[in-house]
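The analysis underlying the following values was restricted to heavy atoms, covering all of them including side chains, and did not include hydrogens, waters or symmetry mates. Note that the numbering runs from 1 along the sequence shown for the chain.
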Amino acid sequence: MTPYPHRFLAVFLIVSLTMIGCTQGNSARGVVDRFIEARYITIDHNQMQALCTGLALDKIHDEMKLTEGQAIDQSTRKPVVHYSLQQTRGEGDRMTFLFKARIDVPEGGSFKKFWMISAKKDGEVWKVSNYSEYD
């Protein structure tokens with residue numbers, strides 16, 4: 001076996017991590033991307049809480065009450081989410097992003113949504129301050 005597959009894998013991992021790092025820092029877009037992952041892909045309420053403040057945090061707490069007792073673990077069917085940024089508004093310490101998403105649910109079909117997610121600086125850290133979903 002030649003060493004090429006290992007080199008390809010190494011290059012792929014480096015490029016992937018670099019691309020993730022471009023939006024994962026302490027930025028409005030970075031926190032919004034992490035929120036999307038926690039909310040729509042991994043369905044991780046603890047991570048969502050850590051990323052939110054204000055009204056967004058209140059919404060997460062309300063949702064947690066509604067889903068109390070429903071375990072989300074490795075056996076939970078999780079959707080495949082494809083999303084793209086459609087519009088960005090704001091400047092300074094407040095930003096709002098509009099995304100178009102296609103959500104594919106295993107054995108449950110596919111549907112489209114628009115997400116409007118706002119972020120604001122909370123001290124020196126960006127947090128999601130509100131979010132809404134539209135058909």
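Within the model, atoms CD1 of I36 and CG of L51 stand 11.0 Å from one another, a figure rounded to the nearest 0.5 Å. Rounded to the nearest 0.5 angstrom, Q49 CD and D44 CG are separated by 9.5 Å. In this structure, CZ in R29 is found 4.0 Å from CG in D33, a value given to the nearest 0.5 Å. Atom CZ of R89 and atom CE of M95 lie 10.5 Å apart (nearest 0.5 Å). Atom-to-atom distance recorded for I103:CD1 and F111:CZ is 4.0 Å, nearest 0.5 angstrom.
Scanning all heavy atoms of the two residues, the minimum distance from P106 to P79 falls at CD-CA, 4.1 Å. Nearest heavy-atom pair across A56 and V128 is CB-O, 3.5 Å. The shortest heavy-atom contact between R102 and D104 is NH2-OD2, 3.1 Å. Annotation for C52 and L57: closest pair CB-N, 3.8 Å, computed over non-hydrogen atoms. For the pair V80 and H82, the tightest heavy-atom approach, listed with the atom from each and the gap, is CG1-NE2, 3.5 Å.
Residue L55 shares its hydrophobic cluster (ILVMFWY side chains chained together at separations under 4.5 Å) with no other residue.
Using a 4.0 Å cut-off between charged side-chain N and carboxylate O, K113 and D135 make a salt bridge. In summary, D122 and K120 do not engage in a salt bridge, as defined by a charged side-chain N under 4.0 Å from a carboxylate O.
Counting heavy atoms from C-beta on, the side chains of K121 and K127 never come closer than 4.5 Å. Looking at heavy atoms from C-beta onward, N26 lies in side-chain contact with V125 at the 4.5 angstrom threshold.
A donor-acceptor pair under 3.5 Å is absent between the side-chain atoms of R94 and the main chain of G90, judged by distance alone.
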- Going through the checks in order, is the ring-ring contact (aromatic ring centres under 6.0 Å, His included) test met by W115 and Y134? CA-CA 6 Å; W115 302 326; Y134 307 95; over 10 Å; no
- Message: Let's go through T42 and E37 carefully: what are the C-alpha distance in whole Å and the side-chain angles of both, what is the deciding distance for side chain to side chain contact (heavy atoms under 4.5 Å, CB included) to 0.1 Å, and is it a yes or a no?
- Response: CA-CA 6 Å; T42 62; E37 181 177 341; 4.2 Å; yes
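Residues satisfying the ring-ring contact (aromatic ring centres under 6.0 Å, His included) criterion with F99, sequence neighbours excluded, are Y83. Residues passing the side chain to side chain contact (heavy atoms under 4.5 Å, CB included) test with L98 are Q86, Q87, F114, M116, sequence neighbours excluded.
N130 and S118 share no side-chain donor-acceptor pair at under 3.5 Å. Judged by distance alone, the side chains of H45 and E63 never bring a donor and an acceptor atom under 3.5 Å apart.
Cation-pi geometry between K59 and Y131 is satisfied (NZ or CZ under 6.0 Å from the ring centre, within 45° of the ring normal).
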